[in-house]
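Everything on this sheet refers to the single structure shown next.
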Amino acid sequence: MKNKQRQPREALNNDSNTLNKSFYSELLHIIGLTETKEKNKKLIKRQPEGQQNSGSLLENAILQLNSLDKISRLEKPEQFGETEQEQLFNIALELAITWINRILFLKLLESQLITYHKGNKNFAFLNLDKIHNFDDLDRLFFQILAVKSSERNSDVQKIFAHVPYLNSSLFEPTELEHQTIVISNLREDKLPILSTTVLKDDNGNKRTGELNTLQYLFEFLDAYDFSSEGLEGIQEDQKTLINASVLGLIFEKINGYKDGSYFTPGFITMYMCRETLRKAVVQKFNDIKGWNCQTLDDLYDKIEDRTEANQIINRLKICDPAVGSGHFLVSALNEIIAIKNDLKILQDQTGKRLKEYQIIVENDELIITDEDNKPFSYTPQNPESQRIQETLFHEKQTIIENCLFGVDINPNSVKICRLRLWIELLKNAYYQADSNYSELETLPNIDINIKCGNSLISRFPLDADLKPALKKNKIDIETYQNAVQTYRHAENKQQKREMEKLINTIKGNFKTTLQGVDPKKTKLRQLEGEVYNLENQLLLFEETKAEQKVREKKVIKLNNEIDKLRVEIEEIESGKIYDHAFEWRFEFPEILDDTGKFIGFDVVIGNPPYGVKFNSSEKALFSNQYSGIDDIYTIFIDQGIRVAKKSGFLALIIPIFWLTSEKYYSTRSLILQNLHLNLGVILPYNIFSDAYVDTGIYIFSKNINERISYIYEFGTREKIDYNILNSLNYIRLHKNEWANTDSLKIIFNSISRSLTNKLNIFNIKLEDITNSTRGILANQEDYSTTKLTEKYETIFVGKIDRYFIDSENFQYVNYGENIKEKPSSFDSFTGERILIRRIINRQFRIMATLTEQRFVTKKDVYIFKPNNKRFSARYLLAIINSKLISFIQTKGSTSAKKDDFTQITLNDIRQLRIPEPTFKQTDEIEKLVNKILTAKQSNPNTDTTILEQQIDQLVYELYGLTEEEIKIVEGKT
């Protein structure tokens with residue numbers, strides 16, 4: 001054995017840069033997955049074959065599911081996929097994730113026990129000496145961890161003498177295991193060792209060949225150091241640290257990025273929780289105590305009763321409606337404990353304060369140090385150490401049970417989130433003093449706080465009256481709340497099952513009673529009556545043709561509404577819309593008052609999915625009049641407004657495009673009516689390691705009377721971390737600066753906002769004086785270098801430059817019926833017109849030119865044809881190509897910031913405000929434009945900088961810019 005050495009603790013940010021790649025890739029290999037989504041998709045199509053290697057958990061499970069014909073016995077196998085291959089794969093994956101979650105949890109537990117006992121290896125139990133096969137592993141799950149030590153069979157008591165009873169739902173068979181297979185059904189097989197394995201032979205070289213799956217798994221896990229956060233201990237053999245924070249990311253990545261979801265880096269969740277929860281805590285005290293505090297310092301000065309203050313904070317209700325791996329909830333847990341520490345109210349169960357200790361959140365971890373600044377570590381039988389450990393455990397337990405709630409449509413995510421919260425408790429698990437320090441404190445059943453379902457869809461409205469259901473079934477909300485609390489602390493499985501049955505009975509009674517008259521059917525009958533009257537009405541006088549046309553048109557419109565409504569009703573009655581519906585109305589009794597009225601959450605927080613469209617039936621359930629191209633994250637904003645309480649907060653990390661894009665006008669309008677933007681931060685584009693999308697952090701309150709927002713915008717490629725986020729010099733944005741504008745655009749760049757407001761005094765928009773469209777989208781096979789038939793048209797295939805188009809970049813395209821997209825009229829490709837490139841150049845300048853030639857352009861070129869004689873094409877071209885318009889479009893439009901390429905949308909250009917020029921101004925500008933066009937046509941490389949600068953000055957005059965504003969646009973200040 002090598003000499004023990006002290007290693008520095010690695011700072012963890014919980015993102016893919018700090019994830020140990022070798023651990024992740026080899027763990028995936030053992031599970032049976034790859035590191036890329038594309039390869040994993042191919043695995044779905046792989047049919048199991050009798051004798052193929054099935055050493056991985058996933059392939060082994062697929063084989064057993066197939067051989068035992070378990071799929072056909074499921075009630076709804078279609079929920080796991082459309083084809084049998086998809087169903088096999090997804091069921092096997094869910095089972096494999098369940099098993100690996102348990103094993104990783106147990107590895108952390110094993111590490112805790114060894115640490116508590118000063119490195120005593122007798123407390124290790126995940127090894128082949130104690131677990132020889134999958135049957136033994138199954139027995140460990142269900143006959144040891146789920147059974148009290150005194151009640152275990154004698155044959156296992158000696159082998160697993162040091163393994164504690166945990167009383168956790170994690171070690172009860174899941175519903176899917178009941179219906180299909182458990183881990184003991186897997187057959188013993190060998191798995192090839194990964195070529196990049198961490199395993200070494202006796203000579204220190206990488207191992208090769210094959211290993212029994214369990215042997216491979218145990219030896220692989222033993223190659224790493226599983227330690228709790230906050231400890232700087234002695235590590236043997238310089239093992240890589242894999243702690244609970246790292247595992248959080250690994251859990252998320254194993255689960256895969258589904259439905260537009262991406263793992264949120266730790267410094268983001270830390271920052272969002274800190275900024276939101278501190279506001280929410282202050283608000284909670286103000287609501288309950290009638291105070292008018294603004295900060296934690298204000299609270300500190302007013303708090304007199306520590307116990308009461310703790311109770312107030314413990315009444316916070318925080319929900320992540322797209323919870324994923326539970327990262328936000330873990331950060332919220334840490335932040336609440338840090339807040340209590342800052343308020344100096346953190347105390348043990350006897351009311352004695354933890355005044356000798358400092359607790360902070362650092363690198364997304366809870367760090368506890370003593371008065372000598374040394375990390376706290378638990379030592380059983382040391383009274384002070386026992387006091388601190390018990391306090392931390394029960395603080396976490398109280399906060400998790402009372403404050404933290406989550407929903408996710410993905411059942412694997414729900415499992416992972418529950419596991420992460422159990423791990424947070426495991427970090428501070430302690431030995432019960434009355435058991436002579438031989439039994440660990442059991443883990444509560446916190447799974448009831450994290451539920452599976454579509455958090456956006458509910459059958460029953462939040463204002464549905466529960467009183468009739470309560471009266472009919474002779475129960476009250478307190479009974480329901482007590483049942484939930486008893487479930488969490490059930491003394492045995494029988495009591496837990498009884499509470500589960502009672503809870504399901506209560507919820508079932510709610511559903512039955514709330515089934516009332518369907519308003520959609522009432523509306524359908526009304527529409528059908530209107531159509532009948534219109535088609536069968538008796539007229540005193542004969543209709544004119546015009547009147548008949550109006551009546552027929554109205555009938556057609558009503559019939560369209562009827563057809564649409566019938567489809568919606570059919571989907572509802574078939575249950576299609578509500579397959580995964582989540583009933584906020586009664587799933588969480590903690591957010592109901594004594595009468596059953598829905599109160600809501602103090603904080604709704606998270607990183608909802610985006611890049612996902614939603615159908616018309618889903619849109620119909622929401623108040624916002626969404627356009628067909630809006631993203632699903634806008635529904636999460638709407639739902640957040642609904643489920644947050646009247647004085648609550650909504651904190652989301654979402655794409656930035658809602659701020660200024662015309663597509664999201666309805667979202668901005670919804671926010672204006674219901675929320676106040678407290679804080680907004682536009683982040684660099686590469687925050688997510690697996691997706692390049694421009695995102696921002698937005699913290700809203702439901703106090704719409706507030707007027708000031710605090711905002712900040714990072715550069716596209718700036719590097720950021722928590723310290724940078726936590727020390728921002730915010731800019732103040734008054735609500736009037738956007739709420740009183742026609743477009744409701746929220747522009748973070750103050751100069752761009754000022755200039756945009758200056759432009760908005762001009763009433764004429766570019767769309768008012770031009771006809772505009774985009775080019776065509778054709779199939780690649782429709783292109784040709786020669787004109788094959790008369791249907792082929794010349795098409796420009798190069799890049800538009802400022803004031804120039806290369807005459808050599810032309811081909812031909814079949815302009816027939818096969819073209820995917822094209823303008824309504826070919827006139828768009830003839831006559832004098834302005835061509836604008838969608839992609840802005842690297843100097844952040846718009847690229848536009850003028851042409852009169854007949855040719856087609858691709859979809860990435862916008863076409864504008866003037867239709868008003870007062871505004872010539874050359875005058876408009878000069879404005880579009882000016883530095884001023886490029887500055888405003890790149891600094892003031894979030895739709896211009898997409899992925900790695902700055903671009904403008906057709907609608908952004910259409911909305912440009914155009915000053916009406918004098919004849920002299922038009923003449924001056926046209927002469928300069930003609931000189932540039934002539935020079936570029938003779939030689940594209942001609943330097944026309946001076947002429948373009950002269951145009952810029954004229955454009956500045958047109959818009960009335962000051963000298964200081966001109967310097968900013970020119971980059972001279």
Side-chain angles (χ1 to χ4, degrees), residues 10 12 14-40 42-43 46 53-62 92-93 95-108 110-111 124 126-128 131 134 137 183 186 188-227 235-257 263 325 412 416 419 423 689-690:
E10 180 186 6
L12 303 171
N14 275 358
D15 59 23
S16 59
N17 294 325
T18 57
L19 169 67
N20 186 281
K21 297 294 184 183
S22 63
F23 181 87
Y24 174 55
S25 59
E26 196 155 9
L27 183 64
L28 285 182
H29 175 66
I30 295 169
I31 293 171
L33 293 170
T34 71
E35 290 189 61
T36 65
K37 286 182 283 186
E38 291 71 23
K39 290 181 180 177
N40 287 332
K42 292 178 182 177
L43 290 175
R46 185 184 300 169
N53 184 299
S54 59
S56 73
L57 296 178
L58 185 58
E59 289 185 323
N60 200 332
I62 289 173
L93 178 59
L95 290 167
I97 288 176
T98 299
W99 299 330
I100 206 69
N101 283 353
R102 288 176 181 147
I103 293 166
L104 291 174
F105 180 87
L106 292 176
K107 191 64 186 176
L108 288 171
E110 180 188 72
S111 177
L126 279 183
N127 53 62
L128 290 179
I131 301 171
F134 288 117
L137 196 54
I183 201 166
L186 300 186
E188 299 302 316
D189 212 327
K190 292 188 179 296
L191 182 65
I193 297 174
L194 191 68
S195 60
T196 56
T197 184
V198 70
L199 302 185
K200 303 289 178 65
D201 60 23
D202 293 337
N203 298 319
N205 300 318
K206 287 187 183 295
R207 293 268 290 276
T208 58
E210 296 180 330
L211 282 175
N212 173 281
T213 306
L214 275 184
Q215 180 184 356
Y216 192 167
L217 180 57
F218 291 157
E219 289 190 19
F220 162 70
L221 294 178
D222 275 339
Y224 293 87
D225 174 43
F226 287 77
S227 298
Q235 298 185 17
E236 292 186 8
D237 302 323
Q238 297 187 342
K239 292 180 179 180
T240 302
L241 179 65
I242 301 292
N243 60 13
S245 293
V246 174
L247 281 180
L249 173 55
I250 290 169
F251 293 147
E252 184 87 350
K253 289 177 78 70
I254 289 172
N255 191 31
Y257 301 116
F263 184 86
S325 70
N412 291 335
I416 290 167
L419 176 66
I423 286 173
S689 59
D690 296 271

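Quantities reported herein were computed from a predicted structural model and do not represent experimental measurements.
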Measuring from [X]:[atom1] to [Y]:[atom2], what's the distance to the nearest 0.5 Å?
X: Leu137; Y: Trp99; atom1: CG; atom2: CH2; result: 10.0 Å
X: Ile193; Y: Glu210; atom1: CD1; atom2: CD; result: 8.5 Å
X: Gln215; Y: Ile131; atom1: CD; atom2: CD1; result: 13.5 Å
X: Leu33; Y: Ile97; atom1: CG; atom2: CD1; result: 7.5 Å

Taking salt bridge (charged side-chain N to carboxylate O under 4.0 Å, His left out) as the test, write out the residues that go with Glu26, two or more places apart.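 For Glu26 there are no salt bridge (charged side-chain N to carboxylate O under 4.0 Å, His left out) partners, ignoring immediate neighbours.
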Contact summary for [X] and [Y], nearest pair of heavy atoms:
X: Ile103; Y: Leu217; answer: CD1-CD2, 3.7 Å
X: Glu110; Y: Leu126; answer: OE2-N, 2.8 Å
X: Gly55; Y: Leu191; answer: C-CD1, 3.9 Å
X: Tyr216; Y: Leu194; answer: OH-N, 3.0 Å

May I ask you to test the [X]-[Y] pair for a side-chain heavy-atom distance under 4.5 Å?
X: Leu221; Y: Leu104; value: yes
X: Lys107; Y: Asp222; value: yes
X: Thr98; Y: Asn101; value: no

Holding to ring pair (Phe, Tyr, Trp, His ring centres under 6.0 Å), I want the full list of residues that pass it with Phe220, two or more places apart in sequence or in another chain.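 With neighbours one apart ignored, the set is Phe23, Tyr224.
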Say whether, by atom type as modelled, one donor and one acceptor occur between the side chain of [X] and the main chain of [Y] under 3.5 angstrom.
X: His29; Y: Ser56; value: no
X: Thr213; Y: Asp189; value: yes
X: Lys200; Y: Lys206; value: no

Only counting residues at least two apart or in another chain, list the ones meeting side-chain contact (heavy atoms from CB on, under 4.5 Å) with [X].
X: Asn205; value: Asp201, Asn203
X: Glu188; value: Asn133, Phe134, Asn212
X: Ala96; value: Ile31, Leu57

Let's go through Thr208 and Thr197 carefully: what are the C-alpha distance in whole Å and the side-chain angles of both, what is the deciding distance for side chain to side chain contact (heavy atoms under 4.5 Å, CB included) to 0.1 Å, and is it a yes or a no? CA-CA 9 Å; Thr208 58; Thr197 184; over 6 Å; no
